[in-house]
Amino acid sequence: MHCMTSAEPFAAARPGLGADVPERPALEGLEAKWSQRWRDQGTYDFVRPDSRAEVFSIDTPPPTVSGSLHVGHVFSYTHTDLVARYQRMRGKRVFYPMGWDDNGLPTERRVQNYYGVRCDATLAYDPAFEPPARPDPKRPISISRANFIELCLRLTATDERAFEDLWRQLGLSVDWRTLYSTISPEAATVAQRAFLRNLARGEAYLSHAPTLWDVSFGTAVAQAELVDRDYPGFYHRIGFHRPDGSLLHVETTRPELVVSVCALIAHPSDERYQPLFGSTVRSPVFGVEVPVLAHHKAEPDKGAGIAMCCTFGDLTDVQWWRELNLPTRTVVTRDGRLQAETPDWLADPAPYAELAGKTTYSARQAMVELLRQSGDLDGEPTPTMRKANFYEKGDKPLEIVASRQWYIANGGRDQALKAALLARGEELAWVPEYMKHRYDDWVAGVSGDWLVSRQRFFGVPFPIWYALDDQGEPDFDHPIRPDESALPVDPMRDPAPGFDPAQRDQPGGFTADQDVMDTWATSSLTPQIACGWERDQELFDLTFPMDLAPQAHDIIRTWLFSRVVRSHLEHGCAPWARAALSGFVVDPDRKKMSKSLGNVVVPSDTLDRFGSDAVRWRAAMARPGTDSPFDERQMKVGRRLATKILNASKFILGFPGLDPAGWSLEQVAEPVDQAMLASLKTVVEQATAAFEAFEYTDALETAERFFWTFCDDYVELVKDRAYGGRGPAAAQSAQAALGLALGVLLRLFAPICPFVTEEAWSWFQTGSIHLASWPQPDEVDPGSVTAEVLEQASAALIAIRGAKSQAKASMKAEVADIVFRGPAASLEALRLVQADLKAVAHLVGDFSWVEAEGGLDASVELAPVEAAPPARTD
RNA sequence: GGGCGCAUAGCUCAGUUGGUAGAGCGAUUCCCUUACAAGGAAUAGGUCACGGGUUCAAGUCCUGUUGCGCCCACCA
C-alpha cells in the first residue's frame, strides 16, 4: 500500500493531518517499512542511565544458529519482546541483547555436511584451502582444525544473517549493537576467565573416570544432554560356571561385554542367590573368575534377577564398580570398537581374537557364536525393546569409556553446594510458578559433577597446557594456566607461558590441552558475556544481576541450571531476578515439533502470509508455560485485529477539520463519552496490572475485549454525532473521546502489534509509539462517572440489531417504535444517550419508556418497508 | 516407579476471595452499512472427565479414580 512516500518520517502536519492517513490501510509492507525505520533511528538502542533501578535487563536465549528456527521460537521470542516493549514504555531503559550460539557440535555437523569435509587435528593449516564446489558428504575431505574452524565461522555468518532478518521481520525490539556470539573472542575470554577462576577456587578439576561417550561424534557427553530412546535388542541367557560344574544363568542384552565382567550381582534379600554371595563363578568362553556379590541396586524381578556387572555397560555398572571396588576391565574404545590387544585378565585368551577390533554390534554377533560353540547359550536370544541412553544429538547408544575430562562442581557430589543451588532457585521469581518444581527436581537429582570438556574442535579451547617430563609424559596434576590478561588463548597455537614454541610436544617441554569446552559451558555465562563482565564495569553494574531470563521449559535442566551454577560460583548470587518459561508450539496432534517427525512449521512462510502482528497476537494468546497447538485459523484472527486497528484509527482520524490538540478530558461532555472513558480507565488499570505480573495474555485480552466493544457499539453509537449531526459541541465531545481512546488503545496494543500501532501512531503523533509512555489511568479519567450509560446503550444496541437481524433486514432499515422496559435506573441511563441511539437505530418515531422489574428489555418494531419514506437524502 | 501439569461448547481456551456457565474460531441465519466484504450483525450449541466429602451453595475447596501431556529415574 505504501501510503507514506514522503521523505519526512514523522510528518507532523496539523491540522492537515488527514493527509497522512491512507485511503485503504493495509498490513502489507509495514514490517519492511518500520523495521528499517527503527534500525535507522536506533529506536531500541540501550542508553545507559545513571542507576541500576532504571534498567530492565534481559538474558535473551542465544538461538543455535546451525539449527533452523521454527514457529515455536517465534512464539517464545515474542513473549520476551512483549515484556521488553512494555517495560520500555514504562520508562525503563531496556537492555535487550541478542546472541548467537554458534559454537559446538551442531555447527560442526552442519559444516561437515554442507562442505563435505571432516576435521583431522593432525593435519597442518592450508591457507589456500577452498571447500569443494560440489561437496560429497559421503566422501569427506580431511582438513586441518584451523581450516575447519574457518569454515564453521563462514557458515555461521551466513546463518546468522538469516536469523537476524527473521527477528527484524518479527519486530523483536532488541538492541542489535549488543549482538554477541558464543564463539567470538569476547565470549571465549569470558568462558576462559570463568573457567580459570573455577579452577583456582577448586570448583573445576581434571578427572580420569568412566564417562558417557558418543562413539560417532567421538566425544564425552554430559548428564544433562542425555535422552533415552527405545533401542531394539535381544535377551541372551548365558551360563556362568560354578566350581561344582553347575551353571548359574544370567540374562543380558550385551553378551559382548562378557569379556569385561567383573562380578555378578543380586539383591541382598534375594533368597535364590544368598547362598552364592561371596563365592566365585567362572565366565563362559573366557573362564574369568568373578565374585557373586550383593547390592541393593540389583532388582530381583529383572531378567534372571542377577546382573552381570561389566566395566562398563551402563551407569549402574559404574556405581557397582565404585561402591564394590571392582577391577577395571574396559575393552570398548573411543571409536566404539573392542580394543585390538587381547586383554590380560582372560584365563582363556584365544577366543578374543574373534572379537578384537570389531564394533560392539559385530562383536555381539561373534560372541553369540562363541557362546553357542561353548554350549553356554541357553536357548535362542529373544527380541526385546529396551531403553538406551543417547546423546540428544546422536544416533547411536552411548558407551561408557574411561577418559580424562574436565568437570565443574554443580552440587552432584557436594550436598552443601546442592543446597545452595536449590536456595538460589527459591530466590528466583518463576513465571509460571510451578516451573520451579522442575528446577528443584533436576537439581535434587543431579548425581555427578558437570562434565564440560569435549573432544571436538569448534569450541572455546581450555586455556591449559601440561608440562612434559623427560619421557614426554604430561603432568596432568599441575596444569599450566595463562594470566587472565592474556585471554583469549588457544593453547594449540600459543605456547605455554614460560616455554618456547619449539618446546611444544618435546620431552621436557609442554603440550596443549586438546579439548574444547562444551557449548553449555560457554552459554552458561551469557549474563556475563552480554553484561560486559570484566570488560565494561559500568555496563555490568547497570545490568547484572539481570531482571529476566526467558526460555522454553525444556531447557531448565541445561541452560537455566548451568547459569545459576556459574553465577553462584563466581558472583555469589542468582544471575537474574526472574525466570520466565514459554511453552512449545506443538502440531495439531499435540506432538512436539521436530525435524525427525517432519511436522515443523517454518516461520517465514507464516509471517509472510499473515503478517508479523498477527503471528505475535497468536503468540501473546499462549500463556506462560503453556503448550499450544499450531492452527493457522488462529493467525487469521490476529490478522483481523491488526486490520481493525488500522481501520478504526483511520476512521477516528478522518473527521474533517479534526484537531488532536483539542483532545482533552474537558472537551468530553456527553455522558456516554465519559462512560466510555471510564470503562477504558479500568482497562488501563487491568492491563497494567497484568503486564506487571508478566501475564501478557491477560493484558491483551482485556484490551482486546474493550476494543471490539468500542468499535462495534461505541463508535457506531457516536458516529452520527461525531460527524456533526447534533452540532459542533456535541461533535467535539465525541471526537475528543474517540481521540483520547485511540491514543490509549494504540499504546495498549503497541507491545503486541508493534507495526500497525506504529503506523497508525505516525498518522497523528511525532516520535515512535514504542518510546511513548505506557498509558496512565488518569489520561482517560472522567471523574466520578461510571461505565453504566455505555453498558445500557450497548444492551439497547444489541437488542435493536437483533431485531433487525431476525427480520432479515439491513442494519440501516428504519425503525418505527422502540419500547424500553426496565428498572428506572436503566431507563434513566438510556435517556442520557437517546439522541445517539435514535440516530444509530434509524428510528423515525420515538422511544417509549416503561418502568418494570427485572432486566432491560427492548421491543423494536421496524417500519413497514412499503410504507417507508424515501431514504434520507445524502 | 517419582514429580509437575491438564481434563469446561465440535475446536482453541478464559473462569478472580465458592454465589444463575464465558470468549474466539467453526456451524447456522442474515446484511453491499460512506472506517473496515480479506468486512459486519444475529442465532444455536455445555450433566464443567468420573466417584465421594466440606458447605445454605462447588467448574472453583478437600479426597479418591480414570485418561492425556511433560520432566526425571530405571533400562540385567
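Chain identifiers are assigned alphabetically (A, B, ...) following the order of the sequence lines, protein sequences preceding nucleic acid strands; residue numbering begins at 1 within each chain. Here the structure is a predicted model, which means the values were calculated and not measured.
Taking atom C1' on both nucleotides, B:A44 is separated from B:U63 by 38 Å, rounded to a whole Å. Taking the P atoms as reference points, B:C74 lies 50 Å from B:A57, given to the whole Å.
Counting heavy atoms from C-beta on, the side chains of A:F749 and A:V756 never come closer than 4.5 Å. Using a 4.5 Å heavy-atom threshold, the side chains of A:W430 and A:L581 count as touching. Considering only heavy atoms from C-beta on, A:L326 comes within 4.5 Å of A:L293 through its side chain.
Between A:H553 and A:D441, the residue anchored nearer the 5' end of RNA chain B, judged by the nucleotide with its closest heavy atom, is A:D441.
We find that A:R623 and A:D698 are joined by a salt bridge, their nearest charged nitrogen and carboxylate oxygen being less than 4.0 Å apart. Ion pair A:R254/A:D317 not flagged as a salt bridge, since none of the NZ, NE, NH1 or NH2 atoms sits closer than 4.0 Å to an Asp/Glu carboxylate oxygen. The existence of a salt bridge linking A:R801 and A:E716 is excluded, since no basic side-chain nitrogen approaches an acidic carboxylate oxygen closer than 4.0 Å.
Between A:K302 and B:A76 there is no side-chain N or O to OP1 or OP2 distance below 4.0 Å. For B:G3, the OP1/OP2 oxygens have no side-chain nitrogen or oxygen of A:R438 closer than 4.0 Å. Contact annotation: A:R254 side-chain N/O to B:A76 OP1/OP2 distance is not under 4.0 Å.
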Under 3.5 Å, which protein N or O atoms sit close to an N or O of nucleotides 35-45 of chain B? Give each pair with its distance.
from	atom 1	to	atom 2	distance (Å)
B:A35	OP1	A:K719	NZ	3.0
B:A35	OP2	A:Y723	OH	2.7
B:A35	O2'	A:N647	OD1	3.4
B:A35	N6	A:C711	O	3.4
B:A35	N3	A:N647	O	3.3
B:A35	N3	A:A648	N	3.4
B:C36	O2	A:K644	NZ	3.0
B:C36	N3	A:K644	NZ	3.2
B:A41	OP1	A:D712	OD1	3.0
B:A41	OP1	A:D712	OD2	2.7
B:A41	O3'	A:R801	NE	3.0
B:A42	OP1	A:R801	NE	3.3
B:A42	OP1	A:R801	NH2	3.4

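Stem analysis of RNA chain B (Watson-Crick or G-U pairs, both distances under 3.5 Å, runs of at least three) returns B:1-7 with B:66-72, B:10-13 with B:22-25, B:27-31 with B:39-43, B:49-53 with B:61-65.
Between A:Y439 atom OH and B:G3 atom C1' the separation is 17 Å, expressed in whole Å. Rounded to an integer number of Å, the gap from A:D228 CG to B:C70 C1' is 13 Å.
Side-chain atoms of A:T311 come within 3.5 Å of backbone atoms of A:R329 as a donor-acceptor pair (strictly under, hydrogens ignored).
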**Study point:** Footprint string (nucleotides 6-18 of chain B, 5' to 3'): B base within contact, S backbone only, - free, heavy atoms under 4.0 Å
**Key:** ------SSS----
Can you give me every donor-acceptor pair (side chain of residues 641-649 of chain A, partner residue at least two apart or in another chain, under 3.5 Å) with its distance?
from	atom 1	to	atom 2	distance (Å)
A:T643	OG1	A:R639	O	2.9
A:N647	ND2	A:T643	O	3.3
A:S649	OG	A:I645	O	2.6

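Closest to the side chain of A:S810, out of B:C74, B:U33, B:U29, is B:U33.
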Review point. Stepwise, does the salt bridge (Lys or Arg N to Asp or Glu O under 4.0 Å) test hold for A:E380 with A:R237?
Key: CA-CA 8 Å; A:E380 280 304 297; A:R237 188 171 159 85; over 6 Å; no
Exercise for review: Take A:W617 and A:Q634 through the test side-chain hydrogen bond (donor to acceptor under 3.5 Å, both in side chains) and record every step on the way to the result.
Suggested key: CA-CA 9 Å; A:W617 173 88; A:Q634 306 267 3; over 6 Å; no
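The ring-ring contact (aromatic ring centres under 6.0 Å, His included) check on A:F630 picks up nothing, with sequence neighbours excluded. Residues satisfying the salt bridge (charged side-chain N to carboxylate O under 4.0 Å, His left out) criterion with A:E323, sequence neighbours excluded, are absent altogether.
Counting any heavy atom pair closer than 4.0 Å across all strands shown, A:D314 reaches sugar-phosphate atoms only and no base atom. Nucleic acid contact class of A:A803 (heavy atoms, under 4.0 Å, all strands): none. Among the protein residues, A:K436 comes within range of no part of the nucleic acid, since none of its heavy atoms lies under 4.0 Å from any strand.
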